[in-house]
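Here's the structure we're looking at; comments come further down.
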Amino acid sequence: MKKILVTGAVGQIGSELVMALRERYGNDNVVAAGHKTPPSKELLESGPFHYINCNEISSLQEIVKKYNIDTIYHLAAILSAVAEAKPQHAWDVNINGLYNVLEVARENKCAVFTPSSIGAFGPSTPANNTPQDTIQRPNTMYGVSKVAGELLCDYYHKRFGVDARGVRYPGIISNATLPGGGTTDYAVDIYYEAIKNKRYKCFLKKGTFLDMMYMPDAIKAAIDLMEADPSKLKHRNAFNVTAMSFDPEKIAAEIKKHIPEFEIEYDVDPLRQAIADSWPNNMNDSAAREEWGWKPEYDLAKMSKDMIEVLSKKLNRK
Ligand code: AKB
């Protein structure tokens, strides 16, 4: 049985990934590691949890040895808007943290999953049907750290044989943990506000198309890629993966089908708008589909129905 460590386990993806991995591989075989108290008691109590800082390599070493870890899902990262506000901190967490994880993986022969992002692309990348292999000249610290991370993972695979794999996630939408500090976060906030107040003030302007994905598909992508036959992987790291592309008007129209009184208005944040404008409108994810069978289950309609049902119950609005 696999012995897994998940860093960033209290974050948006990490907290749900830990529970999915525990269900699949057994509670005791999945060690969750985060730098703050988990939002859910379930995560803390269903299996091992440790406070670690990926910038301290000794704390990573200790856990990997203690539990005989063979696979690390490295989710600890700073998202785009926060990274622009604190670029030095973002470099430290996104690059030095990843470097430590790869070093520990090299020494202990662990496989590593690391997400890159649509943020690894920039204004000179073709914005529509963005190819798997294309121009990557991002103009944000988040993007710079993601491209460097992709290259570092490729390097550790080629040079040291570390089984490093990863995807370029789009914006991730979840009905459980909230995202923090991203440019695509509006696509989560909009559901909460639609249910609570029937209005949402959007910080991106209409016409800003971005790739998005519902959390169950994001979790599936990570697990499926790590379970894929390595002989079929030509790319290994940084696979484009997407499930849908929409702008604020399109998601608002979908929400209106369930909450007819809902209205969207705009108060554009120049920082996040500039970041979003530098990212693709929609990516081509055919390499992931061909090499390891990637196929999302949720489109905008199916995701919206589920989000509204689950959140309405959670917020006692039904
Ligand atoms: C962000 O908005 O920063 C993230 C991402 C797309 O990587 N959700």
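In listed order, ligands and their atoms are each counted from 1. All values derive from a computational prediction rather than experimental measurement.
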**Request:** Anything under 30° is parallel, anything over 60° is perpendicular, the rest tilted; go ahead and classify F239 against H235.
**Result:** perpendicular
**Asked** Would a distance-only check, ignoring hydrogens and angles, find a side-chain to backbone donor-acceptor pair under 3.5 Å from N108 to V104?
**Response** yes
**Complete:** In ligand 1, the atoms that come under 4.0 Å of a heavy atom of G182 are 1 (C), 2 (O), 3 (O)
**Taking every non-hydrogen atom, the tightest pair across P138 and F121** = CB-O, 3.6 Å
**Message:** Can you name the atoms of ligand 1, numbered from 1 with element, that are less than 4.0 Å from a heavy atom of W279?
**Reply:** 1 (C), 2 (O), 3 (O), 6 (C)
**Asked** Between D185 and ligand 1, is there a nitrogen or oxygen pair with a distance under 3.5 Å?
**Response** no
**Complete:** Here the pair of heavy atoms bringing D70 nearest to K2 is OD2-CA, 3.7 Å
**Message:** Using a 4.0 Å cut-off to any heavy atom of S80, which atoms of ligand 1 qualify?
**Reply:** 1 (C), 2 (O), 3 (O)
**Asked** Which of the atoms of ligand 1 are close to T183, meaning less than 4.0 Å from one of its heavy atoms?
**Response** 1 (C), 2 (O), 3 (O)
**Message:** Would T184 count as being in polar contact with ligand 1, using the rule that some N or O on each side must be under 3.5 angstrom apart?
**Reply:** yes
**Request:** May I ask you to decide if the ring planes of Y200 and Y186 are parallel, tilted or perpendicular, using 30° and 60° as cut-offs?
**Result:** parallel
**Prompt:** Of all the atoms in ligand 1, which lie at a distance below 4.0 Å from a heavy atom belonging to S117?
**Reply:** 5 (C), 6 (C), 7 (O)
**Message:** Is there a side-chain contact between D217 and W294 in this structure, where contact means two heavy atoms from C-beta onward sitting under 4.5 Å apart?
**Reply:** yes
**Message:** One residue to check: I118. Relative to ligand 1, which of side chain, backbone, both or neither has a non-hydrogen atom less than 4.0 Å away?
**Reply:** side chain
